[in-house]
Amino acid sequence: MPMNPTVARVTQRIIDRSRATRGAYLDLIERSRDQGLNRPQLSCGNLAHGFAAAGDDKPLIKSGKAMNIGIVTAYNDMLSAHQPYGRYPEQIKIFAREIGATAQVAGGVPAMCDGVTQGQDSMELSLFSRDVIAMAAVVGLSHAMFEGALLLGICDKIVPGLLIGSLRFGHLPTILVPAGPMPTGLPNKEKVRIRQLYAEGKVGREELLESESASYHSPGTCTFYGTANSNQMMMEMMGLHMPGSSFVQPGNKLRQELTRSAVHRLAQIGWDGDDYRPLGHCVDEKAIVNAIAGLLATGGSTNHVIHLPAIARAAGIQIDWDDMDELSRVVPLIANVYPNGAGDVNAFASAGGMPYVIRELIGSGLAHADIRTVYGKSLTEGAQEPVMDGDVLKWEPAPEVSGDTTMLRPVSAPFQAEGGFRLLQGNLGRGTIKVSAVDPSRWTLEAPCRVFAEQNDVLAAFKNGELERDVVVVVRFQGPGANGMPELHKLTPPLGVLQDRGFKVALVTDGRMSGASGKVPAAIHISPEAGHGGPLAKLRDGDVVRVCANTGVLAALVPDAEWNAREEAVASDNAIGVGRELFALMRRHSDPAERGGSAMLAAAGL
């Protein structure tokens, strides 16, 4: 199947735009392999420190005759998705010995749970934790003891951070190792119903906690299709996981064998063999386009319109929201996972999951098959399901037909003809909107706005009955430079209640929403942000705001003369507590959301 002309055109545009920065990056990783700091360049004292605690692996590491794998782990046992990683390093060391290699934990990185911090002051650290993770990964790999890397991470900022950091060691072959989702708990729509009842004061905290505990109930990733599971999808679309490994649940033989296969495969793609596959060559312009196509086709998390530009920059690749918007016009929505539909990622996997999606997108010319994956000749080999044949792991072709057409459909009969993303722009700036979970009748809204600077003030206004009307709720001073760009997901229940009462409601913000946000239209990531002179700072209560996903318009319907004459509101600075003051440097130097919202990348000139 020839490539779709739009996909081909956007890909070429990204290649052309990135020519200088990509060339510089490829030069960097070439030098890092041939002339950089690697194990043979370490002094005897350096080496002795590096293997002093390696036990039975010490002689082989000392000899320098086999790959030593660096494990970068985001393990903690508070975060359910990462709890299974606790035993992974010991397993990986055993699997490495099976093929004559060794492994060591290069370092640990923090792993923040947005579910725990949602709606709290600590959420203001969330986006910047991605840069902390990237820097922590760099610190671990900088010891130069390793010829390959395994990255243990799943959730929101963790996978992007691990990738950004590891791409600075792009000469190393690298595989990401997932741990899988928890079993299905309370149906997501029932969870949402209880949340809205709680917002209305119709059930108490005890009932709400029982509902939440039945939803998030065991080790593994949360099963809604938010940022964590969108991360897994993207890694498969980029060929950085072993095929079909994303959504295999923890604690079974298949999960363990997929980890073993990743270790064994990494040893086969090192620089001493004839199948060298460095991470920096795997993550190229086509792989980034594949990640975008997968995001659009599955209705994935809005957070990736920030994370993908940052990941791309770390590999010398320049993308923007126009690229994503243009691709969204030709990539149809073929998955219907909650919050877009009723079923969760376990139902998605049972219906065919990522192997089905990959086969459909490649077969329709909407994804590039000819990328360098960690496992085979092309991404086509990613359209396979892992299964156990007795005690042996093998892969079978993706199903020809969806196992559940309420969850997965072919490109020829999609849920929507276009993808789940739209670019919005106008006199309020540039922003994004996820439409895959929004009823098309709500894609256009024009109503007076109510302006807030804090999400808790929105909740108070809702409880006081001040929003019982058609309204555009504006929450400004939520960008990376103002307060770290927190997710505003706790506004979803009250806004959902207003929408269910028959009002036309939308959210406009320079902040973020959770990857799980759904039915309420939300124009988010508005850039430039209000705190950096963005036009949201000019809005006043009662201004009529138009949000239109159909035409891509985000505008205050205020006469130009009046608009231009207005003074900008000024944010208060109260970022003290839960360590927020230590992140002032990141707030002060962060770049716009469309570039990734990163002070680290901005300061590095990437």
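Below, all heavy atoms of this structure are taken into account, side chains as well, without hydrogens, waters or symmetry copies.
- Between His525 and Trp321, the ring planes are tilted. Angles from 30° to 60° get that label.
- Considering CG of Asn76 and SG of Cys113, their distance stands at 8.5 Å, rounded to 0.5 Å.
- Under the 3.5 Å distance criterion, the side-chain polar atoms of Ser527 are left unmatched by any main-chain donor or acceptor of Pro592.
- Arg13 contributes atom CZ, which lies 7.0 Å from atom CG of Asp322 (distance to the nearest 0.5 angstrom).
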*So Tyr338 and Lys191, side-chain hydrogen bond (donor to acceptor under 3.5 Å, both in side chains) or not? Walk me through it.*
CA-CA 12 Å; Tyr338 181 85; Lys191 175 185 67 178; 5.1 Å; no
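- Taking all atoms of both residues into account, the shortest heavy-atom contact from Met586 to Phe128 is SD-CB, 3.4 Å.
- Here the side chain of Arg512 pairs a donor or acceptor atom with the backbone of Met485 at under 3.5 angstrom.
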*Show the numbers, then the answer: is there a side-chain contact (heavy atoms from CB on, under 4.5 Å) between Ser80 and Met182?*
CA-CA 8 Å; Ser80 66; Met182 67 177 66; 3.6 Å; yes
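- For the atom pair CG of Asp323 and CG of Leu308, the computed distance is 11.0 Å after rounding to the nearest 0.5 Å.
- Of all heavy-atom pairs spanning Ile154 and Ala81, the tightest one is CD1-O, 3.4 Å.
- His241 is not listed as a side-chain neighbour of Ile175, based on a closest heavy-atom distance of 4.5 Å or more.
- A heavy-atom distance below 4.5 Å is not found between the side chains of Cys282 and Thr373.
- Proximity of a side-chain donor or acceptor of Asp404 to a complementary backbone N or O of Ala351 within less than 3.5 Å is not detected.
- Between Gln499 and Pro521, the shortest heavy-atom contact is OE1-CD, 3.5 Å.
- In this structure, Thr509 and Gln455 have side chains that are not in contact, with every pair of non-hydrogen atoms separated by 4.5 Å or more.
- Contact check for Leu296 versus Glu418: no side-chain heavy atoms found under the 4.5 Å cut-off.
- Here the closest non-hydrogen pair linking Leu445 and Lys504 is CD1-CB, 3.1 Å.
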*With side-chain contact (heavy atoms from CB on, under 4.5 Å) as the test, would you mind laying out the steps for Val357 and Leu408 before giving the verdict?*
CA-CA 8 Å; Val357 169; Leu408 267 177; 3.7 Å; yes
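- With contacts defined as side-chain heavy-atom distances shorter than 4.5 Å, the pair Thr174/Leu151 qualifies.
- Between Tyr88 and Thr73, the side chains place no donor N or O within less than 3.5 Å of an acceptor N or O (distance only, hydrogens not considered).
- Counting only heavy atoms from C-beta outward, the side chains of Pro84 and Tyr75 never approach each other to under 4.5 Å.
- Side-chain N or O atoms of Ser364 include none that pairs as donor or acceptor with a backbone N or O of Leu361 at under 3.5 Å.
- Not a single donor-acceptor pair under 3.5 Å links the side chain of Asn290 to the backbone N or O of Met238.
- A distance-only check finds a donor-acceptor pair linking the side chain of Arg476 to the backbone of Leu536 [under 3.5 Å].
- Although no hydrogens or angles enter the test, the distance criterion places a donor-acceptor pair under 3.5 Å between the side chain of Arg313 and the main chain of Leu606.
- By the 4.0 Å N-to-carboxylate-O rule, Glu326 lies close enough to Arg9 to be salt-bridged with it.
- Remark: the backbone N or O of Gly300 is not paired with any side-chain donor or acceptor of Ser230 at under 3.5 angstrom.
- The distance from atom OG1 of Thr11 to atom CD1 of Ile319, rounded to the nearest 0.5 Å, is 11.0 Å.
- For the atom pair CG of Leu150 and CG of Leu162, the computed distance is 11.5 Å after rounding to the nearest 0.5 Å.
- Of all heavy-atom pairs between Pro414 and Pro332, the closest is CB-CB, 3.6 Å.
- You'll find the side chain of Phe224 stays beyond 4.5 Å of the side chain of Asn229, heavy atoms only.
- Looking at heavy atoms from C-beta onward, Val289 lies in side-chain contact with Val7 at the 4.5 angstrom threshold.
- Side-chain N/O atoms of Gln425 and Arg430 include a donor and acceptor closer than 3.5 Å.
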_Evaluation steps, side-chain hydrogen bond (donor to acceptor under 3.5 Å, both in side chains), between Asn340 and Ser436_ = CA-CA 6 Å; Asn340 304 330; Ser436 54; 3.1 Å; yes
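- Shortest non-hydrogen contact noted between Val248 and Pro181 is O-CD, 3.8 Å.
- A salt bridge does not link Asp131 to Lys157: none of the charged nitrogens lies less than 4.0 Å from a carboxylate oxygen.
- Using a 4.0 Å cut-off between charged nitrogen and carboxylate oxygen, Asp500 and Lys519 count as a salt-bridge pair.
- Atom CE of Met324 is separated from atom CZ of Phe421 by 6.5 Å, given to the nearest 0.5 angstrom.
- Asp591 contributes a side-chain N or O that, together with a main-chain N or O of Ser598, makes up a donor-acceptor pair within less than 3.5 Å.
- For Phe452, the CZ atom counts as densely surrounded, since its 6.0 Å shell holds more than 12 non-hydrogen atoms of other residues, nucleotides or ligands.
- A donor-acceptor contact closer than 3.5 angstrom links the side chains of Asp114 and Ser126.
- Here the rule is side-chain contact (heavy atoms from CB on, under 4.5 Å) with Asn231, and of Pro178, Pro160, Cys155, Ser246 only Pro160 fits it.
- Put simply, the side chain of Arg195 never gets that close to the backbone of Pro493: no donor and acceptor are under 3.5 Å apart.
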_Check against side-chain contact (heavy atoms from CB on, under 4.5 Å), Met234 and Val159_ = CA-CA 10 Å; Met234 293 197 313; Val159 166; 5.9 Å; no
*Could you walk me through whether Leu428 and Val545 pass the side-chain contact (heavy atoms from CB on, under 4.5 Å) test, one step at a time?*
CA-CA 9 Å; Leu428 289 177; Val545 171; 4.0 Å; yes
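- Judged purely by distance below 3.5 Å, without hydrogens or angles, the side chains of Thr117 and Ser122 never pair a donor atom with an acceptor atom.
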